Amino acid sequence: IHAAFAGTSSHMENQTIARHVALSCLTLGVKRVVVVSSGSVYGEKEGPIMESDPCLPDTAYGRSCFFVENIFRQTLRSASLITARLFYPYGPAQPPERLIKRLAVHIAGRKEIPLRPAVSGRHGKPKINPVYIDDVAEALYRLAGIAGVNPGKPMLVNIGGQETLSIKELAGKIGRLLGMQCLFTLDPKGRLARNFYCSTRFLSNLIDFVPSVNLERGLALTVGSAV
């Protein structure tokens, strides 16, 4: 299993590391590889994102992840390759600049939360379906054991949570956990927002997977470590 290194590395460093890992797998004759990527390779869309949707990354991070996927796809043509695209994984150990902890810090500090203007409908988008880290680990473990993935035909799998909600709704849940009111402001210069949540039907059918940690429990575990 290869997951991009976050830390202080740049997108270019992630690509370089991925190339080294892919070449090492090729040299060692590794037969099965799971690449942990991001749903950001799709870009934002209006409806639920399916594995069959085209990749139109609209951020530097998304483009970097798509490039990493291609490195493995082109290098390991004879291996069974599964690419798992994660949608807002979260948990207590994530860094403070990630979405859920960042929202918690803003709310606890009574800072306004900037909302992006929506392409259509109400502001507060994108809608997302966060997935707790324990469930991500369980899904990846099961995916690594799948047989029958044909070499040269990579399998794509989206991994997300069961509950879909907007950034504004998510902040409201965090605010209630903290017993504090959320303050919002519309960022007129913000990039127009669509949605960023995936369908998990394929994942569920593939490995009979249902997340064990619901959003309420996951938020309680994560927010408690943030403030």
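The structure presented is a predicted model; accordingly, all values stated were derived computationally and were not measured.
If you chain together hydrophobic residues whose side chains sit under 4.5 Å apart, F67 and L86 never meet in one group. There is no path of hydrophobic side-chain contacts, each under 4.5 Å, that joins Y197 to L203. No chain of hydrophobic side-chain contacts below 4.5 Å, direct or via other Ile, Leu, Val, Met, Phe, Trp or Tyr residues, connects I71 to V41.
The distance from atom OG of S37 to atom CD1 of I82, rounded to the nearest 0.5 Å, is 14.0 Å. To the nearest 0.5 Å, the span separating CG on L103 from CD1 on I174 amounts to 4.5 Å. Rounding to the nearest 0.5 Å gives a distance of 9.0 Å between CD of E51 and OG1 of T200. Here the straight-line distance linking atom CD of Q94 with atom CG of L99 works out to 8.0 Å at 0.5 Å rounding. In this structure, the separation between CG on L219 and CG on L178 is 10.0 Å, given to the nearest 0.5 Å. Distance check, rounded to the nearest 0.5 Å: CG of L165 to CG of N129 gives 9.0 Å.
Evaluation of the side chain to side chain donor-acceptor pair (under 3.5 Å) test over residues 20-31, restricted to residues two or more places apart or in two chains, returns none. The stretch residues 69-84 participates, sequence neighbours left out, in these salt bridge (charged side-chain N to carboxylate O under 4.0 Å, His left out) pairs: E69-R85.
Looking at residues two or more places apart in sequence or on another chain, you find a side-chain contact (heavy atoms from CB on, under 4.5 Å) between C25 and V21, V30, V33, L76. For A60, the side-chain contact (heavy atoms from CB on, under 4.5 Å) test picks out H11, R63, with sequence neighbours left out. Under the side chain to side chain donor-acceptor pair (under 3.5 Å) criterion, D58 pairs with R191, not counting sequence neighbours. Partners of S40 under the side chain to side chain donor-acceptor pair (under 3.5 Å) rule, at least two apart in sequence or in another chain, are S38. Remark: R142 pairs with E138 by the salt bridge (charged side-chain N to carboxylate O under 4.0 Å, His left out) rule, at least two apart or across chains. The ring pair (Phe, Tyr, Trp, His ring centres under 6.0 Å) test applied to F196 returns F87, Y88, not counting sequence neighbours. Applying the side-chain contact (heavy atoms from CB on, under 4.5 Å) rule to D134 yields the partners Y132; only residues at least two apart in sequence or on another chain are considered.
In this structure, R98 and Y90 have side chains that are not in contact, with every pair of non-hydrogen atoms separated by 4.5 Å or more. The shortest distance between side-chain heavy atoms of T164 and I128 does not fall below 4.5 Å. Side-chain atoms of F66 and L56, non-hydrogen and from C-beta on, never get closer than 4.5 Å to each other. L81 places a side-chain heavy atom less than 4.5 Å from the side chain of V35.
E44 contributes a side-chain N or O that, together with a main-chain N or O of R194, makes up a donor-acceptor pair within less than 3.5 Å. A donor-acceptor contact shorter than 3.5 Å links the side chain of R32 to the backbone of A144. At least one donor-acceptor pair under 3.5 Å links the side chain of K101 to the backbone N or O of P92. Judged by distance alone, with hydrogens and angles left aside, the side-chain atoms of S166 form a donor-acceptor pair with the main-chain N or O of E169 at under 3.5 Å. Judged purely by atom type and a 3.5 angstrom limit, N195 uses its side chain to pair as donor or acceptor with the backbone of K127. Panel note: side chain D53, backbone M50; a donor-acceptor pair is recorded below 3.5 Å.
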Using the side-chain contact (heavy atoms from CB on, under 4.5 Å) rule, take D187 and L115 through it: C-alpha gap first, then chi angles, then the decisive distance, then the call. CA-CA 6 Å; D187 181 4; L115 299 177; over 6 Å; no
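Using a cut-off of 4.0 Å between Lys/Arg side-chain N and Asp/Glu carboxylate O, K125 and E46 are scored as salt-bridged.
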Review item, side-chain donor-acceptor pairs of residues 205-214, under 3.5 Å, at least two apart:
unit_1, atom_1, unit_2, atom_2, d
N205, ND2, R201, O, 3.4
S212, OG, D135, OD1, 2.9
N214, OD1, E216, N, 3.3
N214, OD1, R217, N, 2.8

Give the table of side-chain donor-acceptor pairs shorter than 3.5 Å for residues 146-162, with sequence neighbours excluded, one pair per line with atom names and distance.
unit_1, atom_1, unit_2, atom_2, d
N158, OD1, Y42, OH, 2.9
N158, ND2, I49, O, 3.3

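A pairwise comparison of heavy atoms in V136 and P89 identifies CG2-CB, 4.0 Å as the closest pair. Closest of all the heavy-atom pairs between I133 and G91 is CG2-CA, 4.2 Å. The two atoms that bring E112 and H106 nearest to each other are O-CD2, 3.3 Å, heavy atoms only.
Other cluster members for L23: none, since no ILVMFWY side-chain heavy atom sits under 4.5 Å from it.
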